[in-house]
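Have a look at the structure below before the remarks.
So that the names make sense, note that chain A is the first sequence line, chain B the second, and so on, each numbered from 1.
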There are 2 protein chains.
Amino acid sequence: MYQRKIPIDYNCGLGIAMEVIGSKWKFCILDAVSKGIQRPKDLAQAINGITRRVLHQQVGELEMHGILGKTIYTEVPLRVEYHLTATGKTLLPLIEALNTWGLEFSPHLRAILEGGSSVKALQTEEAIM
Amino acid sequence: MYQRKIPIDYNCGLGIAMEVIGSKWKFCILDAVSKGIQRPKDLAQAINGITRRVLHQQVGELEMHGILGKTIYTEVPLRVEYHLTATGKTLLPLIEALNTWGLEFSPHLRAILEGGSSVKALQTEEAIM
DNA sequence: TCAGTCAGTGATAAATTTATCACTATGGCG
DNA sequence: CGCCATAGTGATAAATTTATCACTGACTGA
């Protein structure tokens, strides 16, 4: 794994949370696992846009951080399943809340980024006094 | 601002949320602003480790996304204040929750990353069946 | 004029995260 | 053996985010 050069601030809860779950795919992975999708192959199919390589990287970090657990069944063909640990389960409400917020905010972001001339309500509030 | 090459998925709430608040400093900035620290200079002092340049970048994005509003007082010396918009305020509970979670998780992360030989409870659960 | 405060910008480098592509390894099965 | 499916790794490039450093600009007051 990548060896950090800038140290983590263990006193900033937000920083810690970001370190553990703040990446492009981790939320999605946890969400999928919580819904019963447990095998790498299925995860890769279920999560739109992720590649096997990246999935492994992210899952590996989640496992290392104690958010996901891994079970290897020595069947043929090989079967591997990931599951949320107790710690991992404490994240679910946060994920759900963030997802909900994001979906609500989505149209605004789209309007802002795509030069929405229609939606102006939430646009930059800038005032000169 | 940086021009994305990989497009955003507007259907993934988590992705949207990450786009808007998922960065090293944004949470901290919002937290500070919500506590009444509103001027750039004060924010730069209050947030440990951030530089003026980066602060401006991040604040600018938050403003563009409609999370922060900006008021310019044409006094001397110039005074600028940022404040949470209505949308921004909807983020506060999430920030609080993430911060709390992070602080609770902090010791585990530290133990894991710093080769903790003492704390083993939450370590990788890997089983072979 | 010169230093001092405050807010901000431009160019660029460094750090970090994600993505690509080509591989290895195990075992079943025709 | 050759080919399938599964899970995984190594090397490296590309994308993205953060950091550095030197600036501009407006204004005050000595």
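The two atoms that bring Val80(A) and Pro40(A) nearest to each other are O-CD, 3.3 Å, heavy atoms only. Heavy atoms only, all atoms of each residue included: Met18(B) and Gly22(A) are closest at SD-CA, 4.2 Å. Between Leu43(A) and Ala32(A) the shortest heavy-atom distance is CD2-CB, 3.6 Å.
At distances below 3.5 Å, not a single donor-acceptor pair connects side-chain atoms of Asp42(A) with backbone N or O atoms of Ile37(A).
Ile72(B) has its side chain out of reach of Arg79(B): every pair of non-hydrogen atoms, C-beta onward, lies at least 4.5 Å apart. Side-chain contact between Ile29(A) and Val59(A) is present, with heavy atoms from C-beta onward closer than 4.5 Å.
Distances shorter than 4.0 Å separate none of the side-chain N or O atoms of Lys5(A) from OP1 or OP2 on dT17(C).
Rounded to 10 degrees, the angle separating the terminal helix axes of the helix from dT1(C)-dA30(D) to dG30(C)-dC1(D), each built from five base pairs, is 20°.
The hydrophobic cluster containing Ile21(B) also contains Ile112(A), counting ILVMFWY residues as joined when their side-chain heavy atoms lie under 4.5 angstrom apart, directly or transitively.
Contacts of Lys5(A) classified as salt bridge (Lys or Arg N to Asp or Glu O under 4.0 Å), with partners at least two apart in sequence or in another chain: none. With sequence neighbours excluded, the residues forming a side chain to side chain contact (heavy atoms under 4.5 Å, CB included) with Asp9(B) are Asn11(B), Cys12(B), listed by chain and number.
Within the structure, side-chain hydrogen bond (donor to acceptor under 3.5 Å, both in side chains) contacts touching residues 20-39 of chain B (residues at least two apart or in different chains) are Ser23(B)-Gln58(B), Lys26(B)-Glu61(B), Asp31(B)-Lys35(B).
Rounded to an integer number of Å, the gap from OH of Tyr73(B) to C1' of dC6(C) is 16 Å. Put simply, OH on Tyr2(A) is 17 Å from P on dT16(D), counting in whole angstrom units. The distance from atom CD of Gln3(B) to atom P of dA14(D) is 19 Å, rounded to the nearest whole Å. At whole-Å resolution of the value, CD in Glu63(A) and C1' in dG8(D) are 13 Å apart.
Just one of Leu68(B), Leu91(B), Thr85(B) meets the side-chain contact (heavy atoms from CB on, under 4.5 Å) condition when paired with Leu62(B); it is Leu68(B).
Set against dA15(D), dG8(C), dT6(D), the side chain of Ile6(B) has dA15(D) as its closest nucleotide.
With the nearest nucleotide of DNA chain C identified for both Arg79(B) and Leu78(A), Arg79(B) has the one nearer the 5' end.
For the segment residues 18-30 of chain A, residues with any heavy atom less than 4.0 angstrom from an atom of DNA chain C are, sorted by number, Ser23(A), Lys24(A), Trp25(A). Of the residues in residues 38-61 of chain A, those lying under 4.0 Å from DNA chain D by heavy-atom distance are Arg39(A), Pro40(A), Lys41(A), Arg52(A), Arg53(A), His56(A).
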